Student: 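Could you have a look at this structure, given as structure tokens, before my questions?
Values reported hereafter were calculated over all heavy atoms of this structure, with side chains retained and with hydrogens, waters and symmetry mates removed. Computed from a prediction, not measured in an experiment: that's the story for all the values here.
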Amino acid sequence: MADFLSAAEAARRLGVKPATLYAYVSRGVLSRGKAADGRASLFNADEVERLARRGRPRRPAGVADITVESAITEITGHSLRFRGLDATRLAVSRTFEEVAELLWTGELRSAREPWQARPAALAAGRAAQAALPAGTLPLERLQVIVPAMAATDPLRLQLDTAAVLAAGRSIIAGMVDCMPSTATSGPGTSGPGISGPGISGAGISGAGISGPGISGPGISGPGQPVAERLWSRLCDRRASPALMHAMSAALVLLADHELAASTLAARAAASVRADPYAVVGTGLGAVSGALHGGASLGAETLMAAASGPDDVPRVVAELLRRGEKVPGFGHFVYRGGDPRAVVLLDLVRRAAPKSGPLAVADALVAEIRQKSLPEPNIDFAIATLARVAGMVRGGAEAIFAVARTAGWIAHALEAYAGPGPLRPRAIYTGKPAADGP
């Protein structure tokens with residue numbers, strides 16, 4: 001028997017469809033390698049043979065396999081890659097706009113087109129969110145802004161690649177620029193800058209770790225980076241270059257994560273040719289869930305409940321006593337720790353080492369580790385950034401949503417070019433058929 005089998009050979013040996021074969025990979029039942037061309041999949045012949053003799057693995061109750069082929073993001077148990085490039089390296093060396101263009105086009109290059117929404121879209125989005133009650137969370141504002149902008153775009157159903165790319169830039173810019181600004185001209189948040197050697201890697205030509213600098217608070221305009229514009233909507237403090245670098249890195253790290261729940265929902269919408277605004281609106285609905293992007297709000301609330309580092313054991317104990325999980329810890333894929341959280345927490349610690357909220361966050365991590373519970377995930381990391389920066393409540397959710405919009409657009413582009421609807425089937429578990437009414 002050969003050392004490796006092609007996907008067709010492995011599926012034939014197991015007596016399954018290719019989609020089921022890739023589902024085995026996503027569940028960790030089979031490992032997968034790449035052929036020399038970097039595209040074709042290869043499977044270890046011995047692994048396939050053992051599985052064939054053992055029989056098909058039983059699916060745990062409540063778990064469904066939905067497998068979609070995609071060239072955007074690759075996740076392993078310890079890494080995340082966008083178009084083959086390490087996302088953690090991109091986070092410290094590239095802007096969010098550059099990484100969004102990479103996800104959309106496969107090319108890592110500086111943004112050539114302006115990231116701005118049309119005046120009519122801005123007017124509609126701002127008016128829609130301005131009518132919401134005081135205290136409305138940023139994510140809830142975004143859920144109103146996007147459909148309002150859509151109503152001003154009569155060509156939104158133009159789904160060729162160039163039109164979708166333009167819509168993606170406009171939607172993200174509009175989401176940010178339509179939110180109310182909290183920026184003032186007050187004193188800045190102090191913190192040391194970040195310096196270090198260049199980061200090298202595939203497709204990255206030794207870009208320095210310092211990242212894009214920020215010149216001040218104020219009302220940011222369309223020519224400024226998305227990270228800066230979003231900061232002014234979520235925080236009334238001036239950002240140090242180091243904290244803004246952490247903000248930019250957070251947007252990159254969250255830009256896509258394969259078929260997370262919101263992306264699956266957005267991709268399903270795109271597969272039936274919903275317009276880009278509707279795709280993003282679908283994603284925004286799903287990402288608010290407490291088991292998805294909404295987990296960062298739970299982590300923010302947990303940190304706010306502790307009066308200081310010494311109060312953390314009480315807060316955690318009360319949470320566990322109520323039978324609740326500690327938000328922001330553990331991950332379905334990264335069993336050994338979320339690499340995105342490692343990078344972002346390190347940037348925040350270096351940006352504001354004497355921060356009180358950071359001391360609370362570190363005490364939480366220490367308490368959880370003492371109880372042998374899972375490591376912090378990206379939701380905890382962005383909540384820590386939001387707390388250290390002094391952002392409005394729900395700021396972490398907004399960072400997540402704006403960042404992930406880039407991924408939703410990338411998956412929409414793939415779905416638009418695909419054969420048709422993404423239509424999973426249900427396994428009926430109800431009452432058997434009966435005669436009569």
Student: Sequence neighbours left out, what pairs pass salt bridge (charged side-chain N to carboxylate O under 4.0 Å, His left out) with at least one residue falling in residues 163-173?
Tutor: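 Passing the test, one end in residues 163-173: Glu101-Arg169, Glu113-Arg169.
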
Student: Of all residues at least two apart in sequence or in a different chain, which pass the ring pair (Phe, Tyr, Trp, His ring centres under 6.0 Å) check with Phe400?
Tutor: His292

Student: Please name the pair of heavy atoms, one in Thr282 and one in Ala269, separated by the smallest distance, quoted to 0.1 Å.
Tutor: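 Answer, listing the atom of Thr282 first, then Ala269: OG1-CB, 3.8 Å.
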
Student: Does any pair with a residue in residues 125-143 pass salt bridge (charged side-chain N to carboxylate O under 4.0 Å, His left out), and if so which ones, sequence neighbours excluded?
Tutor: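 Found none.
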
Student: Which pair of non-hydrogen atoms, one from Met391 and one from Cys235, has the smallest distance, and what is that distance?
Tutor: CG-CB, 4.0 Å

Student: Heavy atoms only: give me the nearest Leu122-Gly174 pair and the separation to one decimal.
Tutor: CD2-CA, 4.2 Å

Student: Can you list everything that forms a side-chain contact (heavy atoms from CB on, under 4.5 Å) with Ala250? Sequence neighbours excluded, please.
Tutor: Leu344, Ile382, Leu385, Ile399

Student: Side-chain donor-acceptor contacts of residues 354-365 below 3.5 Å, not counting sequence neighbours, with atom names and distances?
Tutor:
from, atom 1, to, atom 2, distance (Å)
Ser355, OG, Leu358, N, 3.3
Asp362, OD1, Arg349, NE, 3.0
Asp362, OD1, Arg349, NH2, 3.0

Student: Before giving the answer on side chain to side chain contact (heavy atoms under 4.5 Å, CB included), spell out for Leu297 and Leu137 the whole-Å C-alpha distance, their side-chain angles and the decisive distance to 0.1 Å.
Tutor: CA-CA 10 Å; Leu297 181 60; Leu137 294 173; 3.8 Å; yes

Student: Restricting to pairs with a member in residues 370-394, which pass salt bridge (charged side-chain N to carboxylate O under 4.0 Å, His left out), not counting sequence neighbours?
Tutor: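 As it turns out, the salt bridge (charged side-chain N to carboxylate O under 4.0 Å, His left out) pairs with a partner in residues 370-394, which skip direct neighbours, are Glu367-Lys371, Arg369-Glu375.
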
Student: For Leu254 and Arg404, which heavy atoms make the closest approach, and how far apart are they?
Tutor: O-NE, 2.7 Å

Student: Partners of Ala127 by side-chain contact (heavy atoms from CB on, under 4.5 Å), sequence neighbours excluded?
Tutor: none

Student: Can Arg335 be said to sit on top of Phe332's aromatic six-ring, NZ or CZ under 6.0 Å from centre and within 45° of the ring axis?
Tutor: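 Verdict for Phe332: a cation-pi partner in Arg335.
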
Student: Between Thr405 and Ala401 (side chain of the first, backbone of the second, donor and acceptor by atom type, cut-off under 3.5 Å), is there such a pair?
Tutor: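 It does hold such a pair.
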
Student: Could you give all pairs that pass the side-chain hydrogen bond (donor to acceptor under 3.5 Å, both in side chains) test and reach residues 311-320, with sequence neighbours left out?
Tutor: Ser307-Asp311, Asp311-Arg314, Arg314-Glu318

Student: List in chain and number order the residues that pass side-chain contact (heavy atoms from CB on, under 4.5 Å) with Leu291, two or more places apart in sequence or in another chain; answer none if no residue qualifies.
Tutor: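 Partners of Leu291 under the side-chain contact (heavy atoms from CB on, under 4.5 Å) test: none.
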
Student: Does Thr136 reach the main-chain N or O of Leu132 with its side chain, forming a donor-acceptor pair under 3.5 Å?
Tutor: no

Student: Is the side chain of Ser170 donor-acceptor paired with the backbone N or O of Ala166 at a distance under 3.5 Å, no angle test?
Tutor: no

Student: Distance-only, no hydrogens or angles: does the Glu74 side chain make a donor-acceptor pair with backbone N or O of Arg83 under 3.5 Å?
Tutor: no

Student: Enumerate the side-chain hydrogen bond (donor to acceptor under 3.5 Å, both in side chains) contacts for residues 411-423, please, sequence neighbours excluded, ordered by first and then second residue.
Tutor: Ser70-Glu414, Asp256-His411, Arg267-His411, Arg267-Glu414

Student: With sequence neighbours excluded, what pairs up with Pro339 under the side-chain contact (heavy atoms from CB on, under 4.5 Å) test?
Tutor: Thr88, Tyr334

Student: Any salt bridge (charged side-chain N to carboxylate O under 4.0 Å, His left out) involving residues 143-158? Give me the pairs, sequence neighbours left out, ordered by first then second residue.
Tutor: Arg156-Asp275

Student: Is the side chain of Trp104 donor-acceptor paired with the backbone N or O of Ala406 at a distance under 3.5 Å, no angle test?
Tutor: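 Present.
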
